[in-house]
Amino acid sequence: MKIVHIVTMFLIAMAFLNLTGCNRASKSNDERQIDITLERESTNFWGHGTRSFISNNLPNGYKVSVFYKEEDNLCIWHFQRGDSIDRYIAGHRLPLSLSFKCNAALYDENLDKHYEPLDTTLTLTIDIPIVKQLDMDAADGDICFMDVNFDGQEEFIIAHPGYNRTYYACFDLVNGDDSNSVCPSFLTSMDGEVYGNLVGGLSGKTEFDHKKKIIHVTEQIGCCEKVEAWAKPIKDIVDNSIEIRIFKKVENEYWMNGEDHIITYQLVNDSLKQVSHEIIK
């Protein structure tokens, strides 16, 4: 009887192994790889390797979320306010302040664990100051809120680097256009002759006179040219809409023969026209 019992147990074990082997064989290697991939990707809505930041405060009244994937140089901002504002923005890089906060939070939570900043969702205080002038450093990936078009609503500003200067991308969260064909559902930055050229840093400066509603932009171009432009809200003669337009522009060109050429343009009949060319020897 003892021998019969042993044989019976052996047959049962073999049947179990055959059953599990059949189940494993029922899926191909590719299918099993897909399962593993889906399981990994499902850890985060934006995919594996993404840090997610959610604000526990409301900077300028907005609920803010940031999704950052360093491997793909992908930084996406999400702004929500009330029932009317729900905007996605593709940024240039993760601000240094958020990176520091992320590393500090992960360090505190993983004192005795392997340090791994990926696939984490952190609830943090996200500081976005409201400012009156653009003097941020692009090297830090700085951000701010500022009313750059004098409409009483602060736009979201991201500093990004240029050659020896800092440029500023401005996003109109309230009235901006997110119906563009290039990146559907993403808010495009304000552009044109004024907002495509806001500059700071070593080779440029942008000053806002909020009382007079005038923007003054100065930029050094190479070694021998400086351009200054003044812009203000101007009513369109066709549809009476208000647009920030350049009404005066001055180009200083330093020639090899020592001459300083000063060319002045002014807004005449809805277009900039040269009104003077002064040569200083």
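Residue numbers count from 1 along this sequence. Given the structure is predicted, the values throughout are model-derived calculations rather than measurements. The figures that follow rest on heavy atoms only: side chains count, while hydrogens, waters and symmetry mates do not.
Scanning both residues, Val199 and Tyr168, for their nearest heavy atoms gives C-CE1, 3.8 Å.
Residues passing the side chain to side chain contact (heavy atoms under 4.5 Å, CB included) test with Ala169, sequence neighbours excluded: His92, His160, Phe171, Ser189.
A heavy-atom distance below 4.5 Å is found between the side chains of His210 and Phe150. You'll find the side chain of Lys281 reaches within 4.5 Å of the side chain of Glu259, heavy atoms only. Counting heavy atoms from C-beta outward, Trp255 and Ile279 have side chains that stay 4.5 Å or more apart. Side-chain contact between Leu173 and Ile89 is present, with heavy atoms from C-beta onward closer than 4.5 Å. Considering only heavy atoms from C-beta on, Cys170 comes within 4.5 Å of Leu198 through its side chain.
No donor-acceptor distance shorter than 3.5 angstrom exists from the side chain of Asp236 to the backbone of Ile242, with no hydrogens or angles considered. A donor-acceptor pair is defined here as one N or O able to donate and one able to accept, closer than 3.5 Å; no such pair exists between the side chain of His277 and the backbone of Ile262. When atom types are taken as modelled, the side chain of Asp147 and the backbone of Asp151 share a donor-acceptor pair closer than 3.5 angstrom. Under a 3.5 Å cut-off, the side chain of Ser55 and the backbone N or O of Val64 do form a donor-acceptor pair. A donor-acceptor pair under 3.5 Å is absent between the side-chain atoms of Ser65 and the main chain of Ile54, judged by distance alone. A donor-acceptor distance shorter than 3.5 angstrom exists from the side chain of Tyr195 to the backbone of Val148, with no hydrogens or angles considered. Judged by distance alone, with hydrogens and angles left aside, the side-chain atoms of Thr166 form no donor-acceptor pair with the main-chain N or O of Gly200 at under 3.5 Å. With Arg87 contributing its side chain and Gly176 its backbone, the two residues share a donor-acceptor pair below 3.5 Å.
In summary, the aromatic rings of Phe79 and Phe156 are positioned with their centroids under 6.0 Å apart.
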query = Going through the checks in order, is the side chain to side chain donor-acceptor pair (under 3.5 Å) test met by Glu219 and Tyr167?
reply = CA-CA 11 Å; Glu219 186 170 15; Tyr167 288 110; 2.7 Å; yes
key: side chain to side chain contact (heavy atoms under 4.5 Å, CB included) between His78 and Phe67, intermediate numbers included   = CA-CA 8 Å; His78 185 203; Phe67 310 98; 4.3 Å; yes
Stepwise side chain to side chain donor-acceptor pair (under 3.5 Å) test for Asn164 and Ser203 = CA-CA 6 Å; Asn164 288 335; Ser203 298; 5.0 Å; no
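A cation-pi arrangement is found for Arg81 relative to Tyr62, the charged atom lying closer than 6.0 Å to the ring centre and inside a 45° cone about the ring normal.
Linking Ile, Leu, Val, Met, Phe, Trp and Tyr whenever their side-chain heavy atoms come within less than 4.5 Å puts Ile234 and Ile215 in one cluster. By the rule that hydrophobic residues join a cluster once side-chain heavy atoms approach within less than 4.5 Å of another member, Leu134 and Leu202 end up as members of separate clusters. Taken together through direct or relayed side-chain contacts under 4.5 Å among Ile, Leu, Val, Met, Phe, Trp and Tyr, Leu187 and Val174 form part of one hydrophobic cluster. Note: the hydrophobic cluster containing Ile85 also contains Ile126 (ILVMFWY, side chain heavy atoms under 4.5 Å, direct or indirect links). Using a 4.5 Å cut-off between side-chain heavy atoms of Ile, Leu, Val, Met, Phe, Trp and Tyr, with links allowed through other members, Leu98 and Ile130 fall into the same hydrophobic cluster.
Hydrophobic clustering, defined by side-chain heavy atoms of Ile, Leu, Val, Met, Phe, Trp and Tyr closer than 4.5 Å, groups Val227 together with Ile221.
Environment of CG in Asp239: crowded, with over 12 heavy atoms of neighbouring residues, nucleotides or ligands closer than 6.0 Å. Within a 6.0 Å sphere centred on CG of Asn257, heavy atoms belonging to other residues, nucleotides or ligands number more than 12.
Using cut-offs of 30° and 60° on the angle between ring planes, the pair Tyr88 and Phe186 is tilted.
To the nearest 0.5 Å, atom CG of residue Asn56 and atom OG1 of residue Thr125 are 3.5 Å apart.
Side chains of Glu228 and His216: a donor-acceptor N/O pair is present below 3.5 angstrom, by distance only.
Within the structure, every pair that satisfies the side chain to side chain donor-acceptor pair (under 3.5 Å) test and touches residues 242-251, not counting sequence neighbours, is listed here: Glu193-Arg245, Arg245-Asp270.
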